[in-house]
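Just so it is clear, the model here is predicted, and its values are computed rather than measured. The residues of the chain are indexed from 1 along the displayed sequence.
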Amino acid sequence: MRKITFFIVSVLCITACNNEIIIDRNKEISESQSIELRMPEAPLVSVYSEATGSELTIDSIWVLEFGNTQPRSLLHHELIYGSKIINNGYATQLLPQLLNKPTNGNSIICIANCDSIAQFIGSLTKSNINSHFSSTHKYYLEGESLPMYGEMIWPTSYTCEMTRAVAKIQVQMGTGVSDVTGNFTAENVSYNIFNHGNGGYIQPNGLFGIIQPSLGVSTATSYLLQKNTVSQKTIYLYEYLTGTTDVLGSAVNKEDFTTGRQHIILKKDDGSNPATYYRLDFYNNNADTFIHTKRNHHYLFTINKVRSEGYASLQQAQNNLGSNIEYDVTIDGESEFIKSNGQYAIVTSVKDTAYVPIGIAVSDSTVAKARYVIPKGSLAASTTNTIAVTSVATGTMTLGSGITALSTSDGDIKVSTNTSFTEGVITITLGNITHRLHVKAK
């Protein structure tokens, strides 16, 4: 999701026609301060379109100034409503001027789209913000303004970077989905998220805390990303340590499948046949097998293959691994690509394309790292596990001295090429799933 940046500056001129704000930093900062809101690109968890208007909209924002000595008490506070913000909902926004000039060295904290508990003035400090600001939402839906938090030391950079306190969740159909059922489409598949955290914290606390568990409770129904006739395609959840904790707060092994984990249920209903159900898990992020739900991250699940009909009931789907459907989870910032069939997964450091120098012969050049993960037990000895060069367009390419099969630890995939090499394909096969890595001279 996009990260939102607040520049706290003295604004001298606004060019409204192109959303640019011209700043003369040589002028003395006035006694009444203004804040410019800019919303640049932020790291993506996986490829998705630019942020929607609701992800950029501020209904209201608290601007809080705290002292620089303990207990870091509140010195000044101001609540600004969205109607007072210039260019609200766009990449560049401007708050009205502040009533008080911040003191050098003090902390400025901005909290947007979050409820406050009445009568907090006087007892609010920098360390107890989460007990004074809360959310009445269990989750957020597309079109709702999202809670955001950011802080800075005045006037180190005049910039306060804001991040959303929630994660963005979407499901989409891949290109050319292989479907043995013949009727699994974006038009008849909806999804819900089960066992999600019920509320959360506005200020990051390092614990990924939730207000209370919600075992068995699900979000509202949403639809696949490509379903154009229905606007609700996105769900936003508060962060939680879902990789190592179930929804009741009990610790679970990061490699073990448990029904109590946060998960997605797909429901296929074409209107003529009984509905069937599929389970998708938040599966394997970096060192963990199951993924933590992190604030300001976008989790995009891509359906690649439907290998069989879904389960006949919701309960059956929730109680079993999703081995009848193949899907990808690409996590931004983690430099990994994961291809899973619900039972095990191929994890590579490169999504689809690696490069070697053009016109130069290379020997034992590492083009990617790869491993496999399995949530429970061990990989059967009979499971196909190979890495091989399967095609070369021009010139020659062979595997180098790196790995020729996957293990549970990262291994280097190496290649050797000649000077006329242009492009080739390495195919990684693990059981019934494959990952093709294109190697190009560039």
Side-chain angles (χ1 to χ4, degrees), residues 138-139 141 167 169-173 179-181 183-184 188-199 210 212-224 232-238 240-270 273-285 288-293 299-329 338 340-345 373-377:
K138 298 177 180 178
Y139 53 85
L141 297 176
I169 317 295
Q170 289 178 312
V171 181
Q172 71 173 0
M173 298 287 285
D179 172 26
V180 300
T181 71
N183 60 1
F184 190 106
N188 61 26
V189 175
S190 60
Y191 75 94
N192 298 76
I193 304 176
F194 284 81
N195 295 354
H196 56 87
N198 192 355
I210 58 174
Q212 60 187 45
S214 54
L215 183 64
V217 174
S218 74
T219 62
T221 300
S222 290
Y223 297 85
L224 299 197
Q232 179 53 47
K233 298 168 290 192
T234 307
I235 296 173
Y236 304 90
L237 299 178
Y238 277 96
Y240 189 49
L241 288 172
T242 45
T244 54
T245 314
D246 67 17
V247 75
L248 294 178
S250 301
V252 292
N253 191 311
K254 62 184 180 181
E255 298 179 350
D256 290 347
F257 169 81
T258 63
T259 59
R261 289 188 184 276
Q262 176 179 290
H263 61 275
I264 295 173
I265 291 294
L266 305 180
K267 178 182 179 181
K268 185 187 73 171
D269 186 0
D270 64 2
N273 298 305
T276 56
Y277 302 84
Y278 301 80
R279 173 171 174 145
L280 306 183
D281 276 288
F282 289 72
Y283 183 70
N284 199 325
N285 178 17
D288 293 342
T289 299
F290 287 85
I291 299 170
H292 295 325
T293 305
Y299 297 81
L300 178 57
F301 291 72
T302 302
I303 307 302
N304 291 323
K305 294 182 181 180
V306 182
R307 297 187 175 277
S308 67
E309 192 57 77
Y311 291 99
S313 70
L314 169 63
Q315 184 176 13
Q316 287 179 353
Q318 290 183 306
N319 289 338
N320 292 278
L321 284 164
S323 59
N324 47 9
I325 193 166
E326 182 177 313
Y327 57 96
D328 297 338
V329 185
I338 304 168
S340 170
N341 64 2
Q343 295 176 313
Y344 44 77
V373 292
I374 186 166
K376 192 172 185 178

*Measure the shortest side-chain to side-chain distance between Phe194 and His263 over non-hydrogen atoms and say whether it is less than 4.5 angstrom.*
yes

_The test is ring pair (Phe, Tyr, Trp, His ring centres under 6.0 Å); show your working for Phe282 and Phe301 and say whether it passes._
CA-CA 9 Å; Phe282 289 72; Phe301 291 72; 5.1 Å; yes

*To the nearest 0.5 angstrom, please state how far the OG1 atom of Thr302 sits from the CD atom of Gln172.*
4.0 Å

*asked:* Going by the rule salt bridge (Lys or Arg N to Asp or Glu O under 4.0 Å), which residues pair with Lys267 if we only count those two or more places apart in sequence or in a different chain?
replied: none

_From Leu314 atom CG to Asn319 atom CG, the distance as rounded to the nearest 0.5 Å_ = 9.0 Å

*Look up atom CG in Asn195 and atom CZ in Arg261, then write down how far apart they are to the nearest 0.5 Å.*
11.0 Å

*In a check of side chain to side chain contact (heavy atoms under 4.5 Å, CB included) between Tyr191 and each of Leu280, Ile265, Ile264, which one passes?*
Ile264

*Between Leu237 and Thr219, is any pair of side-chain heavy atoms under 4.5 Å apart?*
yes

*Nearest 0.5 Å please: distance from the OG atom of Ser222 over to the CG atom of Asn192.*
7.5 Å

*Measure across Tyr299 and Ala167 and return the closest heavy-atom pair with its distance rounded to 0.1 Å.*
CE1-CB, 3.8 Å

*OG1 of Thr293 to NE2 of His196: how many Å apart, nearest 0.5 Å?*
11.0 Å

*Take atom CD of Gln316 as the centre, draw a 6.0 Å sphere, and report whether it contains more than 12 heavy atoms from other residues, nucleotides or ligands.*
yes

*Sequence neighbours excluded, which residues qualify as side-chain contact (heavy atoms from CB on, under 4.5 Å) partners of Ser308?*
Asn324

*asked:* Holding to side-chain contact (heavy atoms from CB on, under 4.5 Å), I want the full list of residues that pass it with Lys268, two or more places apart in sequence or in another chain.
replied: Thr181, Asn183, Phe184, Asn188, Val189, Thr276, Tyr278, Glu309

*asked:* Keeping Tyr240 on the side-chain end and Thr245 on the backbone end, is there a donor-acceptor pair under 3.5 Å?
replied: no

_Using the side chain to side chain donor-acceptor pair (under 3.5 Å) criterion, which residues pair with Asn273? Sequence neighbours excluded._
Asp270

*asked:* Under the criterion side-chain contact (heavy atoms from CB on, under 4.5 Å), I'd like the reasoning laid out for Ile169 against Thr234: C-alpha separation, chi angles, the key distance, then a yes or no.
replied: CA-CA 6 Å; Ile169 317 295; Thr234 307; over 6 Å; no

*side-chain contact (heavy atoms from CB on, under 4.5 Å) partners for Asn320, two or more places apart*: Tyr311

